[in-house]
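Below, read A as the first sequence line, B as the second, and so on, with proteins coming before strands; counting in each chain starts at 1. The model shown is predicted, which means the values in this text are computed figures rather than measured ones. Computation of the quantities below employed the complete heavy-atom set of this structure, encompassing side-chain atoms and omitting hydrogens, waters and symmetry-equivalent molecules.
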Protein chains: 2
Amino acid sequence: MMIQSTLNQQRLNKGSYTVLRALKEIGKLSSAQDIHLWFRLNETADAPALTTIYRALDSLLKMNLLQAVDIGDGERRYEIVEPGEHHHHLICTDCLESIHLEKCFLEAFASSVEQRHGFVVRSHVLEIFGICRKCSSKKPKAPSV
Amino acid sequence: MMIQSTLNQQRLNKGSYTVLRALKEIGKLSSAQDIHLWFRLNETADAPALTTIYRALDSLLKMNLLQAVDIGDGERRYEIVEPGEHHHHLICTDCLESIHLEKCFLEAFASSVEQRHGFVVRSHVLEIFGICRKCSSKKPKAPSV
DNA sequence: ATGAGAATGGAAACGGTTTCCATTATAATC
DNA sequence: GATTATAATGGAAACCGTTTCCATTCTCAT
Ligand SMILES: [Zn+2]
Ligand SMILES: [Zn+2]
Ligand SMILES: [Zn+2]
Ligand SMILES: [Zn+2]
């Protein structure tokens with residue numbers, strides 16, 4: 001299992017390990033507060049304090065085991081990725097569920113930008129907002145206010 | 001002039017008009033606090049309170065006269081756009097200056113997403129981070145920490 | 001066992017934004 | 001012009017996710 005081997009070959013402290021496992025079990029984009037709440041609902045023991053969760057997310061992010069996603073509501077969310085990889089999402093503004101897109105198609109674009117603007121691309125943010133299939137069928141038609 | 005005609009044909013209240021004019025004069029991505037500071041440095045009279053600036057930005061955004069840009073530092077920035085249009089940026093993480101990209105190339109992508117995932121695209125966020133030409137030449141080489 | 005450095009938890013501080021409310025401007029009505 | 005109703009404004013407080021601070025606990029080499 002990926003997480004276990006990661007724990008063995010790097011020095012993940014208890015907080016980081018626990019948070020990484022929680023993220024895996026939750027299985028979707030989660031904020032620090034989401035994770036904190038999940039611990040309070042599911043695991044009475046070993047629940048790290050909110051501060052520790054923030055620290056763990058930071059260090060896991062620096063280890064490239066997570067990616068951060070900002071959906072613009074002031075709460076940063078995280079998810080497990082293959083080390084060094086990343087992807088983007090379709091995010092439903094109704095239910096906040098997200099669909100992972102297969103692969104990032106912006107790599108080629110980056111190199112063209114570098115040539116054209118003399119700009120060294122380090123990272124990028126791309127998220128697509130809308131209404132998912134489920135929510136579309138719930139609300140047959142948006143009220144034309 | 002675009003702003004003036006906008007004021008005439010719509011009912012922009014004083015706060016919104018003043019903030020819109022400030023944004024035009026500042027001429028770059030600005031947060032509410034940026035604008036507030038600019039007023040304190042440049043215009044002793046007519047400087048709207050911070051609360052009013054937030055309200056003005058909200059309503060100008062709803063009128064599609066502005067676009068909001070989130071560079072992930074917890075401070076939302078705004079800029080004037082042609083009504084209904086939008087564009088993306090190359091943002092230098094060193095000096096925070098931004099280069100406006102010509103046109104959004106994601107429109108075509110949106111329709112393919114709709115078909116493939118049954119997802120109705122409403123909006124998207126795309127910002128590209130890196131080091132601009134000026135900052136690259138300032139620091140010839142990044143320290144390999 | 002002992003001591004140094006890292007990790008943790010709890011509370012306080014921080015900072016951008018939002019809310020609340022009293023005051024003031026704007027506009028319609030008489 | 002006086003009198004309302006409605007909208008806009010400013011100042012302060014509240015809000016909330018996050019960061020900082022510091023005392024305590026853990027880890028581990030000596
Ligand atoms: Zn949905
Ligand atoms: Zn990408
Ligand atoms: Zn720069
Ligand atoms: Zn676009």
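In this structure, B:Y54 atom OH and D:dA14 atom P are separated by 18 Å, rounded to whole Å. The separation between B:R55 atom CZ and D:dA8 atom P is 9 Å, rounded to whole Å. Going from atom CD1 of A:I35 over to atom P of D:dT18 covers 10 Å, rounded to whole Å. The interatomic distance linking A:L57 (CG) with D:dT18 (C1') rounds to 12 Å, in whole Å. Rounded to an integer number of Å, the gap from CG of B:L50 to C1' of D:dA13 is 14 Å. Taking atom CG on A:D70 and atom C1' on D:dG17, their separation rounds to 12 Å, with Å as the unit. As a whole-Å value, the separation of A:D73 CG from D:dC15 C1' is 15 Å.
Judged as a side chain to side chain contact (heavy atoms under 4.5 Å, CB included), and not counting sequence neighbours, the contacts of B:F105 are A:L106, A:F109, B:L126. Evaluation of the side chain to side chain contact (heavy atoms under 4.5 Å, CB included) rule for A:A22 yields A:I35, A:W38, A:F39 as partners, not counting sequence neighbours. Not a single side-chain hydrogen bond (donor to acceptor under 3.5 Å, both in side chains) links B:S111 to another residue, sequence neighbours left out. For B:D34, the side chain to side chain contact (heavy atoms under 4.5 Å, CB included) criterion is met by B:S30, B:S31, B:E75, B:R77, not counting sequence neighbours. Remark: B:S59 engages B:S16 in a side-chain hydrogen bond (donor to acceptor under 3.5 Å, both in side chains) (not counting sequence neighbours). Under the rule for a side chain to side chain contact (heavy atoms under 4.5 Å, CB included), the partners of B:E85 that lie at least two apart in sequence or sit in another chain are B:E82.
Both A:A47 and B:Q33 sit near DNA chain C, but only A:A47 has its closest nucleotide nearer the 5' end.
First and last contacting nucleotides of DNA chain C toward chain B (any atom under 4.0 angstrom from a heavy atom, 5' to 3' order): C:dG16 to C:dT19.
Using a 4.0 Å heavy-atom criterion, one finds that A:R76 contacts the sugar-phosphate atoms exclusively.
When atom types are taken as modelled, the side chain of A:E97 and the backbone of A:C92 share no donor-acceptor pair closer than 3.5 angstrom.
The number of heavy atoms from other shown groups lying within 6.0 Å of CD (A:E107) is above 12.
Legend: ring pair (Phe, Tyr, Trp, His ring centres under 6.0 Å) pairs involving residues 43-87 of chain A, not counting sequence neighbours, sorted by first then second residue: A:H86-A:H88, A:H86-A:H124, A:H87-A:H89, A:H87-A:H100.
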Enumerate all atom pairs, one protein N or O and one N or O from nucleotides 25-27 of chain D, separated by less than 3.5 Å.
none

